[in-house]
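Below is one structure, written out as C-alpha cells, with a few remarks after it.
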Amino acid sequence: MSQKLLLSAKEIDIILHRLACQLIENHTHFKDTVLVGVQPRGIFLADRIKDILIKDYQVTDIKLGYLDITFYRDDFRRGEKPLEANKTDITFTVEDKRVVFIDDVLYTGRSIRSALTAIQSFGRPQEIELLTLIDRRFSRHLPIQPNYRGRQVDAINQEKVKVNWIENGGEDAVYLINN
Amino acid sequence: MSELSVNHLLGIKYLNKEDINLIFETADHFKEVINRPIKKVPSLRDITIANLFFENSTRTRLSFELAEKRLSADVINFSAASSSVKKGETLIDTVNNILSMKVDMVVMRHPNPGAGVFLSKHVNASIVNAGDGAHEHPTQALLDSYSIREKLGEIQGKKVVIVGDILHSRVALSNIFALKLQGAEVKVCGPKTLIPKYIEKLGVEVETNLVKALEWCDVANMLRVQNERMEISYFPSTREYTQQFGVNKRLLDSLDKEIVIMHPGPINRGVEITSDVADSNQAIILDQVQNGVAVRMAVIYLLASKIKQ
C-alpha cells in the first residue's frame, strides 16, 4: 500500500477559506440558507465551514444540521456488511430554504442521490447546492456535480481518497491511497 | 455495525445482550425518523411482510403495520377470524400459501406457545413472534426495556417489579428474560395462584405484598388480569384483587420515591391501576406505545438486512 499527500493542512485551510468566501458570494447573509453536513464524514467539513464563516467573516445565525442517509441508500441488502446508521440532527425544516449539502468526497454520487431523497423528509427546499472538498470527477455513476469544489482529483477506481481531520483523531490532510 | 445473531425474532431467550443493544441503537435512529414531518424511509421497498394474527390484537398489529409502512415495506394483513383456518387448513399450509405469493417476512401472533419456533423450522421466511400463547412477546419486552432505558438512562442495576397475572403473561416472561439479560433486578408480585411454580429458577424473586414490592422498585410494570385465559377462578373477586394488587395514587404518593409506572395495555382502568395513576406523570404508558413503533422498525430493519437477495 502506498499513499501520496494530496493536500496538506495549510492547503486545506486555504481551500476552506475560499469555499467559505464562495458561499458568502452566493448566500450573503445566510438568511434563507441552511448548511447540511452529510453523515458520517461530511460533518467535520460542515463544522469547519461554519466556524470559518462565523469567526473569520462574521456571518451570524448560521443553521447547520447533520443528515444521515443510511435508510435512503440504494445498496440495502446488497453489500457484505450491514449498513451502519448515524445520527440525524436537523432541528429546522428546510421548507423554502436554500440548502447546501456538505460532504468531504464526491465519488459515485450515490450518497448525494440518497441525501436528495432524505432531505425531502424535512420539507421542500427552494434549491439544493453541493459543496465538496474533493471531487473525484471521473468516477461518477449519476449526473451529479458539485457547486463548490475544493480540489478535483483524477483517481482510478482502485485508489482511495482519505480525508483526515484533527477532530477525527489525526491531522488535517488528504491522501491518495493505492492498495 | 454488527448484525443480529439470529435470523428470526422468536423470543428474547434466543437473543444476546449485543443484539438488544443493536436493536436499541437502531431504534434511536428510527425514533428520530418518526418524529420528522415526513415519517417514512425507503429502506424496505423491496420487502413484503405478512402480518398473521391468529389471535386478537389492536395495539400490536397496528404498531407492526405502522412500523412496516414507515420502512416502505409492502404489507398484507391476515386475521384468523376471516380465513381458511376455520375451514381446517394447517398452519404450515396457510403460511406456505402466503409465502408462495413472494412474501419475505412473517409477523405472527398465535395462541399456541412455540408456534413461531415451529414455523421457523418449516417455512422459508424470516419470522417475528408477535406473541405466542403464554410463552413470549419479544417486541413488547424490547419496547418496555427501551422505555425504561429512555426514562432512567440504563437498565443495569435497576429494580423492576412485574405486578399481576404472571401465570398467563407472555409479556412477563419476555420481560424477565430481557431485564435479566441487561442486568436488572426483577421481582414478580401477584396472587400466589397467578405466579407460576419454580419461577425463581429464572432468577426472579416472588413478593406477594404489593406495598413492599413498590417500596423496593424503581419501575412497576402493571399487567392486566387475563380473564380470557382463565378457565377457573384464580382469586375470589375483581374487587379483592384490586384491593390487594391494584395501584392507586394514594399508594404511589405514600412511597418515599417516585417510581415509574408501566403498562403494556390494554388497561382495565380501576382494576390493576386507577385512572389517576394511568394519566399521571409517573406513567410512561403512551411513551411505551410510541417507542413500540421505533423498536419494531429496528427489529424488522435488522432482520430484513439479513434476508438474502
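Every chain is numbered from 1 and lettered A, B, ... according to where its sequence line falls, protein lines coming before strand lines. Only this structure's heavy atoms are used, side chains among them; waters, hydrogens and symmetry mates stay out.
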**OP:** Flag the pair B/D46 and A/R77 as a salt bridge only when some basic side-chain nitrogen lies within less than 4.0 angstrom of an acidic carboxylate oxygen.
**Re:** yes
Can I get a per-line list of side-chain donor-acceptor pairs under 3.5 Å for residues 116-123 of chain B, giving both atom names and the distance, sequence neighbours left out?
unit_1	atom_1	unit_2	atom_2	d
B/S120	OG	B/V117	O	2.7
B/H122	ND1	B/F118	O	2.9

Original post:
Where do B/P37 and A/S121 come nearest, in terms of heavy atoms and distance?
Top reply: CD-O, 3.4 Å
Original post:
Are B/Y301 and A/T70 close enough that some pair of their side-chain heavy atoms sits under 4.5 Å apart?
Top reply: yes
**OP:** Can you tell which part of B/I47 gets under 4.5 Å to a heavy atom of chain A, answering side chain, backbone, both or neither?
**Re:** side chain
Original post:
Just wondering, are more than 12 heavy atoms of other shown residues or ligands nearer than 6.0 Å to NZ in A/K162?
Top reply: no
**OP:** Find out whether B/I38 and A/F122 are in side-chain contact, i.e. whether some heavy atom of one side chain is under 4.5 Å from a heavy atom of the other.
**Re:** no
**OP:** Count the heavy atoms belonging to other residues, nucleotides or ligands that lie under 6.0 Å from NZ of A/K160, then report whether that count exceeds 12.
**Re:** no
Original post:
Would you say A/T88 and B/R36 make side-chain contact, with heavy atoms under 4.5 Å?
Top reply: yes
Original post:
Side chain, backbone, both or neither: which part of B/K40 has a non-hydrogen atom closer than 4.5 Å to chain A?
Top reply: backbone
Original post:
Is the CG atom of B/N281 crowded by more than 12 outside heavy atoms at less than 6.0 Å?
Top reply: no
Original post:
Where on A/R73 is there a heavy atom nearer than 4.5 Å to chain B: the side chain, the backbone, both, or neither?
Top reply: backbone
Original post:
Does A/R124 CZ have over 12 foreign heavy atoms under 6.0 Å away?
Top reply: no
Original post:
Would you say A/H29 has more than 12 foreign heavy atoms packed within less than 6.0 Å of its NE2?
Top reply: no
**OP:** Name the region of A/Q120, side chain, backbone, both or neither, that has any atom closer than 4.5 Å to a heavy atom of chain B.
**Re:** backbone
Original post:
Can you check whether A/F71 reaches B/H29 side chain to side chain, under 4.5 Å on heavy atoms?
Top reply: yes
Original post:
Using non-hydrogen atoms only, which part of A/N86 is less than 4.5 Å away from chain B: side chain, backbone, both, or neither?
Top reply: backbone
**OP:** Not counting sequence neighbours, which residues clear salt bridge (charged side-chain N to carboxylate O under 4.0 Å, His left out) with A/R140? List them please.
**Re:** A/D135
**OP:** Would you indicate whether A/D75, at its atom CG, is surrounded by more than 12 heavy atoms from other residues, nucleotides or ligands within a distance under 6.0 Å?
**Re:** yes
